[in-house]
Participant: 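Structure below; questions to follow.
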Amino acid sequence: MFTANRLFKDSEVTEARVREWTQDADMAERLDAFVARYSRLQDTLGDKLIPQLLLYLGEDLGPAVDNLDKAERFGWIPSTDDWFTHRKLRNQMIHDYIDDPRILADALEAGRLWVKPMVEVAAKLIEEIEKRTGN
């Protein structure tokens, strides 16, 4: 959340702000850091930690949507649909970075709002692991 707080300063992301950020070296580095860390956190939670926790619990793994559905049923994530919506936004942050500041601004704003829920997912998963392993 540190990177998000430094970049966004709790204010809405607009196309104008994105254009300013891409012209300022320090802000562009913050933007790059946010996109990279946001992407890594989502990948780590959804593609690595959730499947490993499901395996630990003896659940069969399936496609990502099935694993996320199980995570939703266990109460680890708020919504599979929301997860995939934000996955698409993550891809927009990465792939449309240079092409369209408006699309990037929309994706960053959604990402800004999704940081806290993702951090809460991470905390729930850690709590579940600690409960199950006694650590």
Side-chain angles (χ1 to χ4, degrees):
M1 288 189 50
F2 175 76
T3 301
N5 291 339
R6 286 189 69 218
L7 179 62
F8 302 125
K9 298 182 174 124
D10 291 328
S11 55
E12 184 179 344
V13 181
T14 64
E15 181 179 350
R17 286 183 77 195
V18 167
R19 288 183 188 281
E20 289 172 18
W21 291 343
T22 58
Q23 300 303 313
D24 177 299
D26 181 54
M27 294 307 289
E29 285 180 6
R30 289 182 194 186
L31 178 59
D32 286 341
F34 172 78
V35 170
R37 291 172 184 169
Y38 178 91
S39 299
R40 243 186 345 263
L41 178 59
Q42 192 172 52
D43 289 347
T44 299
L45 296 175
D47 298 341
K48 295 181 176 75
L49 191 54
I50 288 172
Q52 287 302 309
L53 185 52
L54 290 170
L55 280 175
Y56 181 80
L57 296 177
E59 297 286 331
D60 292 329
L61 292 185
V65 68
D66 294 344
N67 297 337
L68 291 169
D69 281 341
K70 289 178 186 180
E72 182 179 356
R73 283 195 303 276
F74 281 121
W76 301 337
I77 66 171
S79 161
T80 300
D81 291 338
D82 287 350
W83 195 271
F84 277 109
T85 295
H86 287 88
R87 178 80 172 197
K88 288 177 188 174
L89 291 169
R90 165 200 159 286
N91 292 340
Q92 286 179 331
M93 283 185 237
I94 294 170
H95 300 295
D96 295 330
Y97 184 92
I98 301 298
D99 297 334
D100 191 336
R102 183 190 52 76
I103 292 173
L104 179 57
D106 291 345
L108 286 168
E109 176 61 13
R112 179 182 76 84
L113 298 173
W114 187 243
V115 168
K116 186 176 179 196
M118 270 204 309
V119 170
E120 290 169 355
V121 165
K124 284 180 188 177
L125 293 171
I126 291 167
E127 182 181 308
E128 186 69 23
I129 291 165
E130 289 173 345
K131 180 174 75 174
R132 302 283 180 165
T133 62
N135 292 328

Participant: So which pairs with a foot in residues 122-135 pass salt bridge (Lys or Arg N to Asp or Glu O under 4.0 Å), sequence neighbours left out?
Facilitator: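 Of all non-adjacent pairs touching residues 122-135, those that pass salt bridge (Lys or Arg N to Asp or Glu O under 4.0 Å) are Glu128-Lys131, Glu128-Arg132.
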Participant: Which residue pairs satisfy the side chain to side chain donor-acceptor pair (under 3.5 Å) criterion with at least one member in residues 108-121, sequence neighbours excluded?
Facilitator: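 Counting only pairs at least two positions apart or across chains, the side chain to side chain donor-acceptor pair (under 3.5 Å) contacts touching residues 108-121 are Glu109-Arg112.
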Participant: So, applying side-chain contact (heavy atoms from CB on, under 4.5 Å) with Pro101, which one of Thr22, Thr14, Val18 is it?
Facilitator: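 Of all the options given, the one that passes is Val18.
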Participant: For Glu15, check side chain to side chain donor-acceptor pair (under 3.5 Å) against everything at least two apart and list the hits.
Facilitator: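 Listed in chain order: Arg19.
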Participant: Can you pull out every side chain to side chain donor-acceptor pair (under 3.5 Å) where at least one residue sits in residues 66-77? Sequence neighbours excluded, please.
Facilitator: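 Every side chain to side chain donor-acceptor pair (under 3.5 Å) pair that includes a residue of residues 66-77, provided the two are not neighbours, is Asp69-Thr80, Glu72-Thr80.
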Participant: Please lay out, stage by stage, how Leu108 and Val35 fare under the test side-chain contact (heavy atoms from CB on, under 4.5 Å).
Facilitator: CA-CA 8 Å; Leu108 286 168; Val35 170; 4.2 Å; yes
Participant: Donor-acceptor pairs under 3.5 Å, side chain of residues 41-50 to any protein atom, not counting sequence neighbours: which ones?
Facilitator:
{"unit_1": "Asp43", "atom_1": "OD1", "unit_2": "Arg87", "atom_2": "NH1", "d": "2.8"}
{"unit_1": "Asp43", "atom_1": "OD1", "unit_2": "Arg90", "atom_2": "NE", "d": "3.3"}
{"unit_1": "Asp43", "atom_1": "OD1", "unit_2": "Arg90", "atom_2": "NH2", "d": "3.3"}
{"unit_1": "Asp43", "atom_1": "OD2", "unit_2": "Arg90", "atom_2": "NH2", "d": "3.2"}
{"unit_1": "Thr44", "atom_1": "OG1", "unit_2": "Arg40", "atom_2": "O", "d": "2.8"}
{"unit_1": "Asp47", "atom_1": "OD2", "unit_2": "Arg87", "atom_2": "NH1", "d": "3.4"}
{"unit_1": "Asp47", "atom_1": "OD2", "unit_2": "Arg87", "atom_2": "NH2", "d": "3.3"}

Participant: Are Val115 and Leu89 connected in the hydrophobic side-chain network, where two residues link if heavy atoms are under 4.5 Å apart?
Facilitator: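 The answer is no; the residues belong to distinct hydrophobic clusters.
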Participant: Identify whether Leu104 and Phe8 are in the same connected component of the hydrophobic contact network (ILVMFWY, side-chain heavy atoms under 4.5 Å).
Facilitator: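 Hydrophobic grouping puts Leu104 with Phe8.
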Participant: Do Ile77 and Leu55 belong to the same hydrophobic cluster, where Ile, Leu, Val, Met, Phe, Trp and Tyr are linked whenever their side-chain heavy atoms lie under 4.5 Å apart, directly or via other members?
Facilitator: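 Yes.
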Participant: Check the hydrophobic clustering (I, L, V, M, F, W, Y; side-chain heavy atoms under 4.5 Å; chains of links allowed) and say if Leu7 and Leu113 are grouped together.
Facilitator: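 Hydrophobic grouping puts Leu7 apart from Leu113.
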Participant: Any non-hydrogen side-chain atom of Pro117 less than 4.5 Å from a side-chain atom of His86?
Facilitator: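 In short, these two side chains do not touch, never coming nearer than 4.5 Å.
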Participant: Quick one: pull up CZ in Arg17 and CG in Leu31 and give me the separation to the nearest 0.5 Å.
Facilitator: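 Arg17 atom CZ to Leu31 atom CG measures 11.0 Å (nearest 0.5 Å).
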Participant: Who pairs with Asp81 by side chain to side chain donor-acceptor pair (under 3.5 Å), at least two apart in sequence or on another chain?
Facilitator: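 Asp81 satisfies side chain to side chain donor-acceptor pair (under 3.5 Å) with no other residue.
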Participant: Can Val13 and Trp21 be said to form a side-chain contact (heavy atoms from CB on, under 4.5 Å), step by step?
Facilitator: CA-CA 11 Å; Val13 181; Trp21 291 343; 4.1 Å; yes
Participant: Applying side chain to side chain donor-acceptor pair (under 3.5 Å), name anything that partners Arg6, two or more places apart in sequence or on another chain.
Facilitator: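 Listed in chain order: nothing, the list is empty.
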Participant: What pairs meet the side chain to side chain donor-acceptor pair (under 3.5 Å) rule with one or both residues in residues 54-64, with sequence neighbours excluded?
Facilitator: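 Output for this query is empty, none listed.
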Participant: Quick check: is Trp83 connected to Ile126 through a chain of hydrophobic side chains (ILVMFWY, heavy atoms under 4.5 Å apart)?
Facilitator: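 Not linked; separate clusters.
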Participant: Mind checking side chain to side chain donor-acceptor pair (under 3.5 Å) for Arg37 and listing every partner two or more places apart, or none if nothing turns up?
Facilitator: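 Arg37: side chain to side chain donor-acceptor pair (under 3.5 Å) contacts with Thr3.
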Participant: Give, for atom CG of Leu68 and atom CZ of Phe84, the distance between the pair rounded to the nearest 0.5 Å.
Facilitator: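 Interatomic distance, Leu68 CG to Phe84 CZ, rounded to 0.5 Å: 5.0 Å.
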